[in-house]
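Down below is the structure, laid out as structure tokens.
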Number of protein chains: 2
Amino acid sequence: MPHTHSKADAQFDAALELLRANHQRVTEPRKAIIGILTKEHGPFTAEEVHKRMKKGSCDLVTVYRSLAAMEESSVVRRCDFGDGAYRYEINTGDHHHHHIVCRACHTAQTLDVCVADGLERIARQLGYSKVTHLLEIFGVCPHCQTEQDKQPRQD
Amino acid sequence: MPHTHSKADAQFDAALELLRANHQRVTEPRKAIIGILTKEHGPFTAEEVHKRMKKGSCDLVTVYRSLAAMEESSVVRRCDFGDGAYRYEINTGDHHHHHIVCRACHTAQTLDVCVADGLERIARQLGYSKVTHLLEIFGVCPHCQTEQDKQPRQD
DNA sequence: ATATGTGCAAATTCTTTGCATTAGA
DNA sequence: TCTAATGCAAAGAATTTGCACATAT
């Protein structure tokens with residue numbers, strides 16, 4: 001069966017739709033960025049996105065500006081892995097999630113569980129508005145572990 | 001009753017002890033930094049710490065270097081409020097905690113609950129070692145809210 | 001047609017580093 | 001005494017901004 005409409009394609013189309021709905025223009029650089037974020041497994045920094053683009057597609061500055069604009073319209077989501085650079089992933093919209101991030105190679109795997117709702121409720125009870133949260137798990141992935149790093153399971 | 005030994009004093013003494021235990025020197029700048037972190041309510045960026053020090057106490061670079069050194073020895077803990085600057089607080093050692101951070105004024109209040117243990121266990125089951133996590137709650141504090149920002153309670 | 005986006009260069013912000021000097025243990 | 005810490009200047013990394021030009025709607 002021909003792969004005429006993969007999940008990535010659907011996310012790509014939805015992203016362009018979202019841009020239009022927010023009166024933001026669908027430009028070549030933005031399409032290229034969205035293409036990368038939907039087809040490759042991120043999240044990526046602006047520089048990582050730029051490196052993955054066809055050479056000469058656009059300036060790194062445009063990647064920064066596009067990602068910032070697209071975060072405004074919820075096309076992408078910004079992640080903070082605590083290492084001094086922001087990363088972006090496509091915003092699937094369905095439900096928010098978190099990551100397990102390898103401290104060594106910085107690859108991330110998605111964690112579909114979230115446990116911070118209770119804390120958000122506490123914040124609202126304390127009178128805070130527009131409550132959100134940041135939650136990421138860090139560790140050294142099996143692939144990056146040397147034998148002596150491998151901890152015996154502690155569960 | 002004279003306040004001869006406040007909680008801040010106890011934390012201050014414990015911090016110096018910890019420095020010595022780790023063969024790090026107890027210098028004037030470090031004492032000043034620890035003094036601020038124990039007496040004032042943080043967490044603070046390196047620059048915020050420096051501004052709070054008596055003018056001429058030490059260079060900003062020394063604050064950066066001291067904070068980094070003191071994080072090594074667990075005298076302080078580094079926090080990431082997702083706004084591009086790291087913040088430090090004294091490490092009380094007892095148990096880790098999180099913050100509710102005001103998006104507007106960047107003040108933080110401590111949240112003594114943590115809910116990420118389950119997620120850490122999942123990460124270990126997935127084969128990750130040295131698992132830690134980052135969890136902060138963001139919102140606009142009552143003080144920074146204008147009337148229209150004030151959300152009806154949603155709990 | 002016109003507001004929005006882009007490229008290039010330069011500025012900003014946060015943080016780190018090199019090296020000679022100073023000061024804890 | 002002698003190693004670790006500091007000051008000053010300069011470098012570095014990530015990100016932002018100004019302004020003229022280009023392009024999507």
Side-chain angles (χ1 to χ4, degrees), chain A residues 13 15-36 42-73 75-88 106, chain B residues 13 15-36 42-73 75-88 106:
Chain A
D13 295 344
L16 301 198
E17 216 39 66
L18 205 46
L19 275 182
R20 291 192 191 100
N22 283 77
H23 317 293
Q24 294 184 314
R25 290 178 182 174
V26 177
T27 64
E28 289 306 320
R30 287 177 187 186
K31 283 193 278 185
I33 293 167
I34 293 168
I36 286 159
F44 297 122
T45 63
E47 197 144 13
E48 286 167 348
V49 170
H50 189 236
K51 280 206 195 98
R52 280 169 172 73
M53 295 172 79
K54 261 204 299 275
K55 198 153 86 75
S57 300
C58 77
D59 198 275
L60 174 58
V61 180
T62 297
V63 178
Y64 275 106
R65 280 196 274 224
S66 297
L67 289 171
M70 297 196 291
E71 197 201 355
E72 288 289 296
S73 46
V75 173
V76 300
R77 217 173 71 83
R78 192 176 83 172
C79 307
D80 183 342
F81 290 178
D83 69 341
Y86 293 121
R87 284 171 174 77
Y88 294 84
H106 284 122
Chain B
D13 295 344
L16 301 198
E17 216 40 64
L18 205 45
L19 276 182
R20 291 191 192 100
N22 284 75
H23 317 293
Q24 295 183 313
R25 290 177 183 175
V26 176
T27 65
E28 288 307 319
R30 289 177 185 187
K31 283 193 278 185
I33 293 168
I34 293 169
I36 285 160
F44 297 122
T45 63
E47 196 144 13
E48 286 167 348
V49 169
H50 189 236
K51 280 207 194 96
R52 279 169 173 74
M53 294 172 78
K54 261 204 298 278
K55 195 154 88 74
S57 301
C58 77
D59 197 274
L60 174 60
V61 180
T62 297
V63 178
Y64 275 105
R65 279 196 274 224
S66 297
L67 288 171
M70 296 195 292
E71 198 200 355
E72 288 290 295
S73 46
V75 172
V76 300
R77 214 174 73 84
R78 193 175 84 171
C79 306
D80 183 342
F81 289 179
D83 69 340
Y86 293 120
R87 284 173 175 75
Y88 294 84
H106 284 122

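Letters go in sequence order (proteins before strands), and every chain restarts at 1. Fair warning: this is a prediction, and the values are worked out from it, not measured in the lab.
Which of D:dT15, D:dT16, D:dA14 sits closest to the side chain of A:Glu47 comes down to D:dA14. Of the candidates D:dA14, D:dC8, D:dT6, D:dT6 carries the atom nearest the B:Thr27 side chain, counting heavy atoms from C-beta on. Listed candidates were C:dC14, D:dT17, C:dA23. Nearest to the side chain of B:Arg25 is C:dA23. In this structure, of C:dT15, D:dA14, D:dT6, it is D:dA14 that holds the atom nearest to the side chain of A:Ala85. In this structure, of C:dT6, C:dT15, D:dT6, it is D:dT6 that holds the atom nearest to the side chain of B:Arg30. When distances run from any side-chain atom of B:Gln24 to the nucleotides C:dT6, D:dA5, D:dA14, the shortest one goes to D:dA5.
Comparing B:Gly56 and A:Arg87 against DNA chain D, the residue whose closest nucleotide sits nearer the 5' end is B:Gly56. Mapping B:Arg20 and A:Leu60 onto DNA chain C by nearest heavy atom places A:Leu60 closer to the 5' end of the strand. Nucleotides of DNA chain D nearest to B:Pro29 and A:Tyr88 differ in position, and the one nearer the 5' end is that of B:Pro29.
For B:Phe81 and C:dC14, the CZ to P distance is 15 Å, given to the nearest whole Å. Per the geometry, CG belonging to B:Leu19 stands 9 Å off P belonging to C:dA25, to the nearest Å. Between B:Asp83 atom CG and D:dA14 atom P there is a gap of 17 Å when expressed in whole angstrom units. Going from atom NE2 of B:His50 over to atom P of D:dT6 covers 12 Å, rounded to whole Å. Between the CZ atom of A:Phe44 and the C1' atom of D:dA14 there is a distance of 18 Å, rounded to whole Å. As a whole-Å value, the separation of A:Arg78 CZ from D:dA14 C1' is 12 Å. Atom C1' of nucleotide D:dA14 and atom CG of A:Leu67 are separated by 13 Å, given to the nearest angstrom. Residue B:Asp59 contributes atom CG, which lies 17 Å from atom P of C:dT21 at whole-angstrom precision.
Closest heavy-atom contact between B:Pro43 and B:Glu48: O-OE1, 4.0 Å. Between A:His50 and A:Asp59, the shortest heavy-atom contact is NE2-C, 3.7 Å.
Remark: B:Arg77 fails to qualify as a cation-pi partner of B:Tyr88 under the 6.0 Å distance and 45° angle criteria applied to the six-membered ring. Judged by the 6.0 Å distance and 45° axis criteria, A:Arg87 is not positioned over the aromatic ring of A:Phe44.
Put simply, A:Ser66 has a side-chain N or O that comes within less than 4.0 Å of OP1 or OP2 on C:dT6. Here A:Tyr64 reaches the OP1 or OP2 of D:dT15: one of its side-chain N or O atoms lies under 4.0 Å away.
Looking at B:Arg65, its side chain comes within 3.5 Å of the base of D:dG7 through a donor and an acceptor atom.
Looking at heavy-atom distances under 4.0 Å, A:Thr45 makes no contact with the nucleic acid at all.
The shortest side-chain heavy-atom distance between A:Val49 and A:Thr45 does not fall under the 4.5 Å cut-off.
When the ring-ring contact (aromatic ring centres under 6.0 Å, His included) test is applied to A:Tyr64, no partner is found at least two apart in sequence or on another chain.
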